[in-house]
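I have placed the structure first, in the form of structure tokens, so that the comments after it can refer back to it.
Keep in mind it's a predicted model, so treat the numbers as computed, not measured. Naming convention: chains lettered A, B, ... in sequence-line order (proteins, then strands); numbering from 1 in each chain.
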Amino acid sequence: MNLKDISNKDLGIRRNWYALLLTVVLIGVFIWGLAQYRAKTQLNTFVEYSYQRSFYELIQNVENVDVLLAKGLVSTSPRQNILLFSNAWRESYAAQEKLNQLPVAHQTIEKTSKFLNQVGDFSFTISRQITDGQDISQEQRTKIHDLQKDADFLASELHSLQDNIRNNEYAWGEIRQQGSSKFKEVSPQLSEVGFQKINTQMEGMPTLIYDGPFSDHIIQLNPQGVTGTPISAEEAARIAMKKADLLPDIQYNYNQMGTGEGKIPIFRIEIVSSMGQFPDQIMIDISRTGGHVVNYMNSRPLGAAVLDGIQAQEKAIAYLKNKGFPELIPTYAQVDDGSATIAFAGIQGGVVLYPDQVKVKVALDNGQVIGVEALGYLMTHHERNLVEAKVPAQEVSDRVAKRLKVEEIRQAVIPLETRQEVQCWEVKGSLEGEDFYLYYNVLDGKEERVLKVIKTPQGPMTV
Amino acid sequence: MSKDNHQKVFRLVNLGKYQIIGIFMTLVLVGGMLVYSVDTANGQRASLYWGSSGSDVRLVQSKLSNWGYYKGSIDGVFGSATSEAVRAFQRNNGLVADGLVGPSTWAALGYPTSNTEVKAVAVSSRGVSQDDNVEMLARVITGEARGEPYIGQVAVGAVVLNRVQDARFPKSIAGVIFQPGAFTAVSDGQINMPPVESSRRAAIDALNGWDPTYGAVYYFNPATATSAWIWTRTKVLTIGKHIFAL
């Protein structure tokens, strides 16, 4: 009797308790879900707006390029022209940046992206040319005119794309999601089609050749330092075994790893050993013409450092000498965890040839050379036609002394952004403990370049 | 009385079914949330060696099998074939080839065991330095090519830098890396994992000018590439699982 009472009561309380718990949990889950949904919607909206903003700004930038180029064609004042073309440069770079932020496949915008980059680059060249006191040539005028027409076309296409997107209530965020999903059968998206159309029309653009880093002729450069006759894969392997910095008394094996068809065609050879604490893992690229070392890399683990940067540099110099590399002088070094990278430059009659660069990486545990990068050297090296300096060193040095404490002066050939080369006086100076390199043209004393040495924990670096 | 009582006990159990299901579901929900949050915070992983067995071994085997190092069956037993595969993987990733899956090998496989890796890369930078670029490149390399031979890791870094120099692509390292859809590792969030040790070395080599790809701006895995367009590019060479193209 007593027992019955208790269990009846107990049952009631328990039933209520469970029901209450379940309700609380359900409400909790509901609120959680709602919060998640809200957060997702907010995030989608935010992303959507940032895409829209990029697109609107892209249109604005392209319109500005169009207008600025048109003004540049009619303006007769050099002062005004410098401003107009500098602005066109800035606007087209900004447009390119915005374009690349949009969620569309890269191949549908690559031509447009290249066009914007080249317009910017070209405008910069023009504005610098006017600063140097040169007028715009007739040929350049024709080019500016063509570019302005292209920019005009691009702006109007972007406008119609924008109208399409607006009329179809189309969201950028949707493209991104669908584009990345596995359902490739989804019909091509509106913007994708729009940009593809523009891209196709941009394809008809003639190659643009001028003095800028993105000019077409620079992309089509040929290696000047690759001399000699074609070699066989076997010869390449023999050369690789000879040029690699192998340790004595260790058995090495090599494998042919195939060929590469880049700027310099190569044979790739792998050299491995299974002996020692850290067995060598070497990959070495030998040019198919002349058998030059183009690229060399040993990816073995590095032990504790026992050498410093200066000792590493000596090891690198000895290696280049012993392995029969051409004459090179060290220019700067950078020390990273367990290794040092030393940059060398070519030298001709006491003049440093900075474009002809070879980098050598030395392991700080045993002084073994674990990397050589000679692509830069092989691309540019040739006999230079050096000139007698018309401006004496003293004059340049006096000029710099007004601002900096002059520490060293010597002649060097340096590359400009345009990859043209100029022969300069290189002046090393310091100001408040900071080192600078200044470059003055040996013919007219014009200041060509200023470099600042940034001292990082890993060693100096120039910017 | 006995019968009566029995009935009541039975009723209690009967009602309990739904309640138990409710409580069970709550537990699953809460448990799931817990597992989810623990998973994103990187759990600790034990070292594995010859004779180890279990799900961690299975994980290592399937990773190594995906990357072509391991040919055996994924049975969760660390035997000679697994040991050989681990050694080969270690050699290609600049690790000591001891056949042991310790913290550094776990990290190279993409499963950092502790926060030591994070500390190692968080170099304080003041003013102008290359540290940010090294870090960013190392993350892309980790996400895209941590199972590749060392030279393949340098190659991925070089492709990013080649794009910066190319008129068709954005003009900064960050611009190239975060271009929508440009890198799978960025789209799926793998870029957020701490960089493996070899990827930092590879990033520095790439920034110092080593380019094993000779100017390539594209790469793809022929086994998984879904776009027909990518095959139209001019092929330069193959490194590991990737084809590099212009």
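Proximity to chain B (any heavy atom under 4.5 Å) is restricted, for Asn298(A), to the backbone atoms N, CA, C and O. Contacts of Val154(B) with chain A are made by side-chain atoms alone, with heavy-atom separations under 4.5 Å and no backbone atom involved. No part of Arg87(B) comes within reach of chain A, as not one of its non-hydrogen atoms sits under 4.5 angstrom from that chain. Proximity to chain B (any heavy atom under 4.5 Å) is shown, for Ser339(A), by neither the backbone nor the side chain. For Val272(A), no part sits under 4.5 Å from any heavy atom of chain B, backbone or side chain. Proximity to chain A (any heavy atom under 4.5 Å) is shown, for Phe244(B), by neither the backbone nor the side chain. Proximity to chain B is absent for every atom of Leu116(A), based on heavy atoms less than 4.5 angstrom apart. Interface residue Ile266(A): only side-chain heavy atoms are found under 4.5 Å from chain B.
The CE atom of Met257(A) lies 8.5 Å from the CD1 atom of Ile151(B); values are rounded to the nearest 0.5 Å. Distance CD/Gln179(B) to CG/Leu99(A): 8.5 Å, rounded to 0.5 Å. A distance of 8.0 Å separates CG of Asp166(B) from NZ of Lys114(A), quoted to the nearest 0.5 Å. Rounded to the nearest 0.5 Å, atoms CZ (Phe169(B)) and CG (Asn117(A)) are 11.5 Å apart.
Under the 4.0 Å criterion applied to side-chain N and carboxylate O atoms, Arg201(B) and Asp336(A) are not assigned as salt-bridge partners.
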> Do Leu375(A) and Trp210(B) pass the side-chain contact (heavy atoms from CB on, under 4.5 Å) test, and can you show the C-alpha distance, the side-chain angles, and the key distance before you say yes or no?
Replying inline: CA-CA 8 Å; Leu375(A) 185 62; Trp210(B) 268 268; over 6 Å; no
>> Using the rule given for side-chain contact (heavy atoms from CB on, under 4.5 Å), can you reason through Met297(A) versus Tyr150(B), listing the C-alpha separation, both sets of side-chain angles and the distance that settles it, and then say yes or no?
In response: CA-CA 9 Å; Met297(A) 197 173 269; Tyr150(B) 181 74; 3.8 Å; yes
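Top candidate by heavy-atom pairs under 4.5 Å with chain B, chosen from Gln101(A), Gln281(A), Lys359(A), Glu97(A), is Lys359(A).
Of residues 236-243 of chain B, those residues with a non-hydrogen atom less than 4.5 Å from any non-hydrogen atom of chain A are, in numerical order, Val236(B), Leu237(B), Ile239(B).
The backbone N or O of Asp211(B) sits less than 3.5 Å from a side-chain atom of Asn295(A), completing a donor-acceptor pair.
Between Glu261(A) and Lys235(B), the closest heavy-atom pair is CB-O, 4.1 Å. Nearest heavy-atom pair across Pro103(A) and Pro180(B) is CA-CB, 3.7 Å.
Ring geometry for His106(A) against Tyr218(B) counts as tilted: the plane angle lies between 30° and 60°, on a 0 to 90° scale.
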